[in-house]
Amino acid sequence: MNSNRYLLMLLSMTCALIIHAYSIHKTEYLPKAIVSESVWYDTEEKPLSQNDLMTNGKTFEVINPDTKLSPYTGMTRDHWKQAAEFLLNTAFQYVNDIKEPFNLPKQAGKSYPRDEGGIPTSRMEALCRTMFLAGPLLKENPDLTLHGVKVGDYYRYQMASFLDPNSPIYLPEKRGGGNGGQKLVELGGLAVSLLMAPDVFWYPLPQETRDRLAAVFKTYAEGGTIDMNWRFFNQCLLSFLHREGYEVNMKYLEDLLHANLNAYVGDGWYHDSPLFDYYSMWAFQMYGPLWAESFGRKYYPAEAELFMKHLSDIPKQYPYMFGRDGKMQMWGRSITYRMGAAIPLALTGLLHSPDIDYGWMRRICSGAILQFLQNPDFIADDGLPNLGFYGHFEDCLQHYSCRGSVFWMAKLFLALYMPADNPFWTARETEGAWTKMKKKVPHNVYSKEAKILVSDHAELGMAEFRNVFTRNNGFYYGLENYNRLAYNSSLPWQSDGKNGEVAMSYVVLSVPAGEGNSDAKWLQINTYHGVGLNDEGWFCRTAEMQDDKTVTISLAEKVTANGVVRADTIKTKGPRKVRMGFYALPELDKPISATQTKVKGKKAITIDNGKYRLTTVLSDGWDDIEVVRCHHLHPEADNSTVVNLTATVDGDKVLQSQLIMQKSK
């Protein structure tokens, strides 16, 4: 056989394989028009980008930073697009062709799926949440390809596969009463992508496929919900279906719409029945404005205007909750969604207001992106973002999270739907209010409606806040996500230990002091209630302990220059052991030092990790002060250190203390 005949035979076999590969991906509901044929034989060599090179443990790099437009982060809109692709790439490494759903590996711990029944929903979660990244990118680059897969074709194929009972991502109609569970949550997110980018995800589908999908979506949209941020899932689904000409229950849509608007209390905050946390931001202050832009202005202009008015209140307090460098607080449930909490700051660009410092808004948002994407623990060994805050951290997670849940952070990248000439993108970065703050005086911003006190420390670049957490039932009571005395942008919370290790909170032993009991445990704070900030500048709350109503603590604290003073009154029935700690420090490059000293004649201990120095002062009421070395309790390091104050209380006792925060020398 000569070489020419051999080459012709190879070419013929290759073509046959290509035709076969294409034919097996055709389905009766997904015709050739949806899939770009080039995906099956495109072998053109292209230069490797940082996303192609990104493997286990690597971080995002700001290539060619623009220090004129963005002197603090170097990030422009193009860098945001690169960051979005960086994240999307982590998911697509698990996709070989458009027929494969996102089979992302489960991370050990409490996350789902815990059995085979949860696998289809986890796949759907990864699909719908990564669309927040894919949509804006595909709007500007319809041919985007990752790991050899045409991204647009992939999402359209997977959506159409909802209709195939034999598909690993099959979505049955919702039947019976109640809500649609996690499927409703993901369909609510999908509805946002369909509202914002129908030309990418919806219109390329055949009409028959759209009609069948709409019929399935309607069963979830018109079904039940939960009287909290979940209302938006139904609202967005109903709105999308109505906009596309499908008949839906408009009365139900209007009821949901008004219930969501009525949850607004002021200063940028919505209550999430009845919590105040990041759901006010990455849910209410995201869904509301995007719904207004994509649907509400045409069909419900008065309600759309209200959502935008509420968005205009965001600059009053929320930007102050981020550190000078843009770092966000580790606070509340679902914290694994991370920088998604910054999306309302970006969406203020929709307001085109001359009164908003857009350079500061973008500086915060870009800083929040880099806070995580440049953290070496963010990407796990399997190439996906960890479930946690920086690395994998079980103590901050909830049972409803799966590996794809982390892509809710992609909500921040919905800002890329705003055009390049939006003021959010064109304004020069600034540090906003930080440049006007006095260094030796805390800058306090208080929301009376939400009872949240934000305190910025200009000399340290730290943002702290304190709030009144009133929920006393459900999944979230007694959790560090909510029960810390304060939260800090530079010093994330540490979990309480089984042996009484405590940071920025109180714990009380469950049995009277002196009584031996193998079942004794250290009880955490369960809930807070009270007045908030009083006229003398003291933030006042009453704390109730978990599983023990016989112990209450009347908390009073005053923020000082780079610290806080406390004058708390604890009430017990019988003698009880009490412990309290301020912030913990993670061990970084070297062991944490601990030094005993005196502050105005009072015994004190200073701990120093090379980055920050924290001094705890032993004041009236406490019996002793001790250094506690902790293991596997901190989100930033395996080893950490905290200073604890200890006392035995019988009846009423006033406990005074002081914290002084400094940068290491």
Pair Arg231 + Asp255: basic N to acidic O under 4.0 Å: no
Lys/Arg-Asp/Glu bridge criterion (N-O < 4.0 Å) met for Glu293, Arg297: yes
Heavy-atom donor-acceptor pair, Arg129 side chain to Ser405 backbone, under 3.5 Å: yes
Glu247, CD atom: more than 12 neighbouring heavy atoms under 6.0 Å: no
Interatomic distance, Tyr252 atom OH to Thr225 atom OG1 [nearest 0.5 angstrom]: 5.0 Å
Geometric class of the Phe307/Phe232 ring pair [parallel <30°, tilted 30-60°, perpendicular >60°]: tilted
Contact summary for Ala341 and Met281, nearest pair of heavy atoms: O-CB, 3.8 Å
Stacked cation flag Arg333 on Tyr279, 6.0 angstrom / 45 deg: yes
Distance-only polar pair, side chains of Tyr220 and Asn234, donor-acceptor under 3.5 Å: no
Criterion side-chain contact (heavy atoms from CB on, under 4.5 Å) on Val185 and Tyr400, from CA distance to verdict: CA-CA 11 Å; Val185 177; Tyr400 53 72; over 6 Å; no
Check: Gly288 main-chain N/O paired with Asn260 side-chain donor or acceptor under 3.5 Å: no
Other residues, nucleotides, ligands: >12 heavy atoms within 6.0 Å of Glu140 CD: yes
Within the 6.0 Å centroid threshold, strictly below: Phe92 and Phe102: yes
Donor-acceptor pair, side chain of Trp493 and main chain of Pro635, under 3.5 angstrom: no
Under 3.5 Å: donor-acceptor pair, side chain of Arg362, backbone of Phe424: yes
Donor-acceptor contact below 3.5 Å, side chain Glu305 vs main chain Pro301: no
Closest approach of Arg338 to Gly391 (non-hydrogen atoms, all atoms of both residues): NH2-O, 4.3 Å
Plane angle bin for Phe295 and Trp291 - parallel if under 30°, tilted between 30 and 60°, otherwise perpendicular: tilted
Reference residue Phe60; test ring pair (Phe, Tyr, Trp, His ring centres under 6.0 Å); the match among Phe372, Phe86, Phe378, Trp80: Phe86
Polar side-chain atom of Lys106 near backbone of Ser111 as donor-acceptor pair, under 3.5 Å: yes
Exam field: side chain Gln158 to backbone Leu127, donor-acceptor pair closer than 3.5 Å: no
Distance (rounded to the nearest 0.5 Å) between Arg77 CZ and Lys81 NZ: 5.5 Å
Any donor-acceptor N or O pair under 3.5 Å, side chains Tyr278, Gln285: no
Side chain to side chain, Leu87 and Met409, heavy atoms closer than 4.5 Å: yes
Close side-chain approach of Asn483 and Leu479, heavy atoms under 4.5 Å: no
Stepwise side-chain hydrogen bond (donor to acceptor under 3.5 Å, both in side chains) test for His147 and Asn89: CA-CA 8 Å; His147 293 274; Asn89 188 73; 3.2 Å; yes
Heavy-atom side-chain contact between Met124 and Leu187 under 4.5 Å: yes
Short side-chain donor-acceptor distance under 3.5 Å, Tyr155 and Thr130: yes
Shortest non-hydrogen contact from Ser273 toward Asp227: OG-O, 2.7 Å
Phe240/Trp202 aromatic ring centres below 6.0 Å: yes
N/O donor-acceptor pair under 3.5 Å between Asn375 side chain and Tyr390 backbone: no
Residues His242 and Ser239: side-chain donor-acceptor under 3.5 angstrom: no
Polar side chain donor-acceptor pair, Asp211 to Gln207, under 3.5 angstrom: yes
Arg243 CZ to Ser294 OG distance, which is reported to the nearest 0.5 Å: 6.0 Å
Side-chain donor/acceptor of Lys110 to backbone N/O of Glu394, under 3.5 Å: yes
Ring centres under 6.0 angstrom apart (Trp331, Phe276): no
Centroid-centroid under 6.0 Å between His310 and Tyr270 rings: yes
Under 3.5 Å: donor-acceptor pair, side chain of Asn262, backbone of His258: yes
Considering all heavy atoms, the nearest Gly224-Leu184 contact: O-CD2, 3.7 Å
Criterion side-chain contact (heavy atoms from CB on, under 4.5 Å) on Tyr112 and Ser401, from CA distance to verdict: CA-CA 6 Å; Tyr112 90 95; Ser401 290; 5.8 Å; no
Audit row: Arg175, Thr219, side-chain contact (heavy atoms from CB on, under 4.5 Å) steps and yes/no: CA-CA 7 Å; Arg175 300 185 184 279; Thr219 64; over 6 Å; no
Verdict with supporting geometry, Tyr264 and Leu306, side-chain contact (heavy atoms from CB on, under 4.5 Å): CA-CA 10 Å; Tyr264 189 69; Leu306 279 175; over 6 Å; no
Distance-only donor-acceptor check, side chains Lys99 and Tyr154, under 3.5 Å: no
Qualifying residue for ring pair (Phe, Tyr, Trp, His ring centres under 6.0 Å) with Phe132, from Phe407, Trp408, Phe201: Trp408
Phe284/Trp269 aromatic ring centres below 6.0 Å: no
Polar side chain donor-acceptor pair, Glu254 to Tyr300, under 3.5 angstrom: yes
